[in-house]
Amino acid sequence: MDRDQVAAILSEIGTLLELQGESPFRCNAYHNGARVISQLEEDLGSVVREGRLSSLPGIGETLRETITTLVNTGHLPFYDDLKAKVPAGLVQMLRIPGLGPKKVKALHEQLGIDTLEKLQVACDSGQVAKLRGFGGKTQDNILQGLKSLSEMGNRVRLDQAVLVAHGLVEGLRGLPGVKRLEVCGSIRRRRETIKDIDILVSSDDPIPIMEVFVKLPGVIQVTGQGSTKSSVVVQKIMPSGRSLTMNADLRIVSDAQYPFALHYFTGSKEHGIAMRLRAQKYGLKLNEYELAGDAKSVACKDEADIFRGLGLDYIPPELREDTGEMEDAEKHTLPKLIEYRDIRGVFHNHTTYSDGGNTLQEMAEAAQAMGLSYLGIGDHSQSLTIANGLTPERVQAQLKEIDALNKKMKGFRIFKGTECDILADGSMDFDDDLLSKFDYVVASVHSYFKMSREEMTERIVRAVRHPRVTMLGHATGRLLLQRDGYQVDLEAVLKAAAETGTMIEINADPHRLDLDWVHCKRARAMGVMLVINPDAHSTGGLANYFFGVDVARRGWLEKQNVFNTLEADAVAKEFARRKAL
DNA sequence: GCCGTTTTCGGCCCGACTGTTTTCAGTCG
């Protein structure tokens with residue numbers, strides 16, 4: 001059983017225990033354990049085999065045994081018993097806003113409700129309102145929740161959430177009385193998927209701003225309205241034509257409180273808890289309004305002052321996941337994170353030669369207009385007929401066109417590349433002779449996704465070890481919220497990359513963001529060079545690389561860990577060096 | 001269930017809002 005499966009079971013055990021009315025601290029220990037395992041940078045199997053589980057924070061004796069059993073045998077009697085005792089419908093009921101473990105337990109014990117269907121019936125007949133601790137309002141809210149459960153997906157992609165948040169921010173910025181304004185939460189931390197939107201404003205006169213907020217275009221429901229916090233449901237039509245429904249909160253505090261609120265609402269929850277614990281050790285209390293002790297309070301004009309007040313270097317939002325950033329901030333060893341402006345050019349882009357929407361020249365001119373100094377082409381190879389993959393003859397034509405454009409364009413360079421398929425046996429879709437005509441080769445899996453983990457790992461490692469392969473494309477093939485990646489031992493892939501010097505792509509298409517940030521961190525530790533590739537299929541897609549930089553920052557990467565921070569001449573020199581090997 | 005510069009037991013982050021209450025429990029982030 002792998003990392004994600006183990007984490008999912010630990011988290012489910014925590015939830016099932018909550019539904020049984022267990023101590024919240026015991027339940028939380030399982031949730032915390034799940035988080036620690038899901039953010040593990042190494043291969044879980046190795047950690048278990050080498051007896052290093054107990055050294056992980058939050059993993060004690062019980063969780064060590066639990067995880068070991070799951071990894072070794074694939075199941076756990078304790079978990080099976082728990083599942084048999086707690087009806088699955090109760091877990092479903094928790095997804096309804098306003099229903100937590102206590103209320104679900106009461107509904108189950110007093111009315112025998114153990115499915116969403118029975119809950120609907122009980123609400124329709126008015127039984128729920130009669131329960132102690134419930135009432136008409138609660139019953140209405142449950143009915144509303146049941147209705148929205150079907151139409152509102154849980155999480156959305158970062159790029160979608162950014163669009164929705166932008167619309168709300170535009171409606172608030174510049175209002176009278178608005179001093180500072182920022183989107184916080186997981187959008188500010190640049191997580192790859194987002195649950196809801198948190199906006200923070202500082203003002204001396206919050207009520208009128210709240211009034212505007214709950215009436216902004218797209219707001220279809222107001223679920224709470226107070227002087228410091230209001231919540232709405234907002235709907236927006238996306239460029240794809242599909243509509244998206246999300247929750248959005250607005251918090252308004254005084255300008256003096258703003259830095260504390262900004263830190264608090266940026267999260268993550270785990271980072272916030274760690275910070276408040278640290279404050280306690282300083283004899284201080286940290287909340288969304290102040291950093292203060294009995295006698296004194298620490299004046300902070302911005303977030304950096306808060307960290308400084310607790311003896312820490314400034315921690316960028318992307319690192320606030322409680323995965324070691326506090327320790328490094330204390331020792332002054334935090335990485336100097338890569339920035340958007342460090343990117344000098346992009347590889348792995350498609351044109352009308354394969355399945356892109358713009359011509360070679362259009363793509364190059366768009367990249368130059370964005371301020372980049374080079375563009376790498378990586379159209380599909382011959383096997384991928386569905387994406388109009390290039391035959392060797394058409395490759396020759398494209399290479400010729402690149403030569404012509406390179407003569408024509410001033411201060412800009414196009415690098416010749418291919419996104420060459422990794423065939424089922426790990427060999428490449430073009431022969432070595434043709435591959436050596438390119439400046440660089442991106443090797444990607446586009447077929448036989450259902451292979452066993454062992455076969456897939458062997459297949460990809462063979463490609464990584466191929467002397468003409470420069471970089472590995474989308475390492476797991478995942479599509480966020482749509483499709484899990486193929487089964488592959490990334491630790492083995494990274495190890496091969498570290499040995500051969502083959503780069504690993506951070507595919508910056510916001511549908512993919514693959515390699516993920518957790519493995520970026522691991523790759524950096526192993527000395528693997530990463531490369532941020534937009535995988536653009538049109539001129540608009542070139543800007544994807546910003547999302548790739550977000551992932552890189554979450555993965556603790558510095559400028560020197562990312563290949564395309566190099567200038568064009570240095571890139572050309574490196575490609576030439578590799579071809580001569 | 002975890003954990004330790006108030007340590008091996010007794011704590012465990014903290015406040016807003018809602019709806020049900022008549023002083024507070026539950027939920028959420």
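The figures that follow rest on heavy atoms only: side chains count, while hydrogens, waters and symmetry mates do not.
Residue pairs that meet the side chain to side chain donor-acceptor pair (under 3.5 Å) test with at least one member in residues 6-18 of chain A, sequence neighbours left out, are A:Glu12-A:Tyr79, A:Glu18-A:His31.
Remark: A:Glu290 engages no residue in a side chain to side chain donor-acceptor pair (under 3.5 Å) (not counting sequence neighbours). Residues satisfying the ring-ring contact (aromatic ring centres under 6.0 Å, His included) criterion with A:Phe78, sequence neighbours excluded, are absent altogether. Among residues two or more places apart in sequence or in another chain, the side chain to side chain donor-acceptor pair (under 3.5 Å) test is passed with A:Asp509 by A:His511. With sequence neighbours excluded, no residue forms a ring-ring contact (aromatic ring centres under 6.0 Å, His included) with A:Tyr282. In this view, A:Lys102 satisfies the side chain to side chain donor-acceptor pair (under 3.5 Å) rule with no residue, not counting sequence neighbours. Qualifying side chain to side chain donor-acceptor pair (under 3.5 Å) partners for A:Arg553, counting only residues two or more places apart in sequence or in other chains: A:Glu318. Legend: residues meeting ring-ring contact (aromatic ring centres under 6.0 Å, His included) with A:His263, ordered by chain and number and at least two apart, are A:His271, A:Phe307. Residues forming a side-chain contact (heavy atoms from CB on, under 4.5 Å) with A:Val169 (at least two apart in sequence, or on another chain): A:Arg173, A:Leu181, A:Val183, A:Ile199.
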(request) Between protein and nucleotides 8-13 of chain B, map the contacts as a letter string: B base, S sugar-phosphate only, - none, heavy atoms under 4.0 Å, written 5' to 3'. (result) ----BB

(request) For nucleotides 19-26 of chain B, just jot down a letter per nucleotide in 5' to 3' order: B, S or -, based on protein non-hydrogen atoms under 4.0 Å. (result) SS-----S

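Remark: the separation of the P atoms in B:dT27 and B:dT20 is 13 Å, to the nearest Å. Going from the C1' atom of B:dC9 to that of B:dC14 covers 24 Å, rounded to whole Å. Spacing between B:dA25 and B:dT21 at atom C1', rounded to whole Å, works out to 9 Å.
Using a cutoff of 4.0 Å between basic side-chain nitrogens and carboxylate oxygens, A:Lys118 and A:Asp114 are scored as salt-bridged.
Applying the salt bridge (charged side-chain N to carboxylate O under 4.0 Å, His left out) test between A:Glu491 and each of A:Arg3, A:Arg522, A:Arg453 identifies A:Arg522 as the sole match.
The side chain of A:Tyr289 contributes no N or O atom lying less than 4.0 Å from OP1 or OP2 of B:dC14.
Between A:Leu250 atom CG and B:dC17 atom P the separation is 11 Å, expressed in whole Å. Here the C1' atom of nucleotide B:dA16 and the CG atom of A:Asp198 are 13 Å apart, to the nearest Å.
A heavy atom closer than 4.0 Å to some atom of DNA chain B occurs in A:Glu61, A:Thr62, A:Leu63, these being the qualifying members of residues 61-84 of chain A.
Residue A:Asn287 has its side chain nearest to B:dG15 when only B:dG15, B:dG29, B:dC2 are considered.
Along DNA chain B, the nucleotide nearest A:Gly224 and the nucleotide nearest A:Asp196 are compared for position; the residue whose nucleotide lies closer to the 5' end is A:Gly224.
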